[in-house]
Amino acid sequence: MGQPPDLLQLLQLPATEVAPFLLGALVRHESEEGPVVVRLTEVEAYLGPVDSPDPDPGAHSYRGRTERNSAMFGPPGHLYVYFSYGMHFSANLVCRPEGTSSGCLMRAGEIVEGLELARLRRPTAKHDYELAQGPARLAKAMGFAREHNGIPALGGEVTVTLPAAPATCVSSGPRVGISGPGGTTDYPWRFWLEGDPTVSKFRPGVARARHRPASAAPKTQ
DNA sequence: GGCGGGATATTCT
DNA sequence: GAATATCCCGCCC
């Protein structure tokens with residue numbers, strides 16, 4: 001028996017409408033090493049390219065389809081897993097019909113099954129609430145990596161199950177780690193379960209001073 | 001527990 | 001060449 005029709009139907013909608021319903025959802029990944037299940041406590045919504053009805057300057061797909069982001073243009077209910085900062089993976093659940101681009105970034109959650117395996121994958125976590133406290137941590141605890149980009153998430157290796165009832169105590173605010181247009185309070189598309197200890201700590205997406213090669217030092221005159 | 005800085009590779013300009 | 005949907009470590013409260 002597959003998913004209740006609710007979920008696939010829900011995933012036809014833009015991520016901004018889907019996101020709050022994903023709070024409390026269970027995401028199960030059955031790998032060769034064993035199963036791990038996370039209960040989502042924090043997600044972020046991303047919409048589409050500049051020339052779409054819902055342009056989103058913070059979205060990877062804002063400048064159109066590329067090899068990297070093509071999974072976001074694929075069918076809803078699949079994963080978009082991307083690699084960033086040269087070392088981390090993060091996973092999205094793709095929304096809206098094929099050919100359009102929208103997705104929900106899984107930012108944080110509580111590991112509710114497969115704790116031992118999750119601890120092995122995240123040896124630096126001092127507490128269990130840190131195992132999936134952040135998008136790259138969640139992906140690592142779940143075992144999501146490059147090979148999971150574009151695979152179905154509604155059955156098979158990965159399964160998403162909605163909670164019996166939509167979550168209460170949902171808060172929303174600006175997205176994390178995005179600076180410039182699209183990153184500020186104009187787009188309050190980060191959703192989380194208020195008070196849950198597994199929700200990631202926000203660091204405001206302000207541009208911190210960056211390491212720069214000496215050759216790129218600012219001109220003084 | 002909160003900060004500052006470094007690390008790392010893929011992408012697009 | 002520069003930015004990035006981030007995390008970890010060391011240090012300081």
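Keep in mind that the numbers below use all heavy atoms, side chains included, and drop hydrogens, waters and symmetry copies.
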Protein N or O to nucleotides 10-13 of chain B N or O, pairs below 3.5 Å:
| residue | atom | partner | partner atom | Å |
| --- | --- | --- | --- | --- |
| B:dC12 | OP1 | A:Thr66 | OG1 | 2.9 |

Whole Å only: how far is the [atom1] atom of [X] from the [atom2] atom of [N]?
{"X": "A:Tyr85", "N": "C:dA2", "atom1": "OH", "atom2": "P", "result": "17 Å"}
{"X": "A:Leu105", "N": "C:dC7", "atom1": "CG", "atom2": "C1'", "result": "15 Å"}
{"X": "A:His60", "N": "C:dT6", "atom1": "NE2", "atom2": "C1'", "result": "11 Å"}
{"X": "A:Arg137", "N": "C:dT6", "atom1": "CZ", "atom2": "P", "result": "12 Å"}
{"X": "A:Met87", "N": "C:dA3", "atom1": "CE", "atom2": "C1'", "result": "14 Å"}

Of C:dA5, C:dC8, C:dT6, the nucleotide closest to the side chain of A:Asn92 is C:dA5

Minimum-distance nucleotide to A:Ile178 side chain [options: B:dT8, C:dA5, C:dT6]
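For A:Ile178, the side-chain atoms sit closest to C:dA5.
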
Under the salt bridge (charged side-chain N to carboxylate O under 4.0 Å, His left out) rule, what pairs show up with a residue in [range], not counting sequence neighbours?
{"range": "residues 83-105 of chain A", "value": "A:Asp54-A:Arg96"}
{"range": "residues 61-88 of chain A", "value": "none"}
{"range": "residues 120-132 of chain A", "value": "A:Glu33-A:Arg121, A:Arg119-A:Asp128"}

| Residue-level proximity of residues 106-132 of chain A to DNA chain C when a heavy atom falls under 4.0 Å |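 Only A:Arg107, A:Arg122, A:Thr124 qualify.
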
> Heavy-atom contacts under 4.0 Å between residues 43-51 of chain A and DNA chain C, which residues?
Replying inline: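 A:Tyr46, in order of number.
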
Does the pair A:Glu44/A:Arg107 count as a salt bridge with the N-to-O cut at 4.0 Å?
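A:Arg107 and A:Glu44: salt-bridged.
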
Each base of DNA chain C marked ( ) or [ ] if paired in-strand (Watson-Crick or G-U under 3.5 Å), | if paired to another strand and . if unpaired gives ||||.|||||||.

Please set out all donor-acceptor pairs under 3.5 angstrom arising from side-chain atoms of residues 133-147 of chain A, sequence neighbours excluded.
| residue | atom | partner | partner atom | Å |
| --- | --- | --- | --- | --- |
| A:Gln133 | OE1 | A:Arg137 | NH1 | 3.4 |
| A:Gln133 | NE2 | A:Pro197 | O | 3.3 |
| A:Gln133 | NE2 | A:Val199 | O | 3.3 |
| A:Arg137 | NH1 | A:Gln133 | O | 3.1 |

side-chain contact (heavy atoms from CB on, under 4.5 Å) filter on A:Ser172, not counting sequence neighbours, yields A:Phe191

Notebook entry, point to check: With sequence neighbours excluded, what pairs up with A:Glu17 under the salt bridge (charged side-chain N to carboxylate O under 4.0 Å, His left out) test?
Noted result: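 Salt bridge (charged side-chain N to carboxylate O under 4.0 Å, His left out) check on A:Glu17 returns nothing, list empty.
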
inquiry  = Could you work out, with salt bridge (charged side-chain N to carboxylate O under 4.0 Å, His left out) as the rule, every residue matching A:Glu194, not counting sequence neighbours?
reply    =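 So A:Glu194 forms no salt bridge (charged side-chain N to carboxylate O under 4.0 Å, His left out) with any residue.
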
- prompt: Would a line drawn from the ring center of A:His60 to the ring center of A:Tyr82 be shorter than 6.0 Å?
  reply: yes

Excluding A:Leu26, membership of its hydrophobic cluster (Ile, Leu, Val, Met, Phe, Trp, Tyr; side-chain heavy atoms within less than 4.5 Å) reads A:Val37, A:Val112

Under 4.0 angstrom between A:His88 side-chain N/O and C:dC7 OP1 or OP2: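 No.
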
- Query: Do A:Glu42 and A:Ser200 get their side chains close enough for a donor-acceptor pair, meaning under 3.5 Å?
  - Reply: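 A:Glu42 vs A:Ser200: donor-acceptor pair found between side chains.
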
Exercise for review: Check step by step if side-chain contact (heavy atoms from CB on, under 4.5 Å) holds for A:Thr16 and A:Leu47.
Suggested key: CA-CA 8 Å; A:Thr16 45; A:Leu47 295 181; 4.1 Å; yes

Does any non-hydrogen side-chain atom of A:Pro35 lie less than 4.5 Å from one of A:Glu113? yes

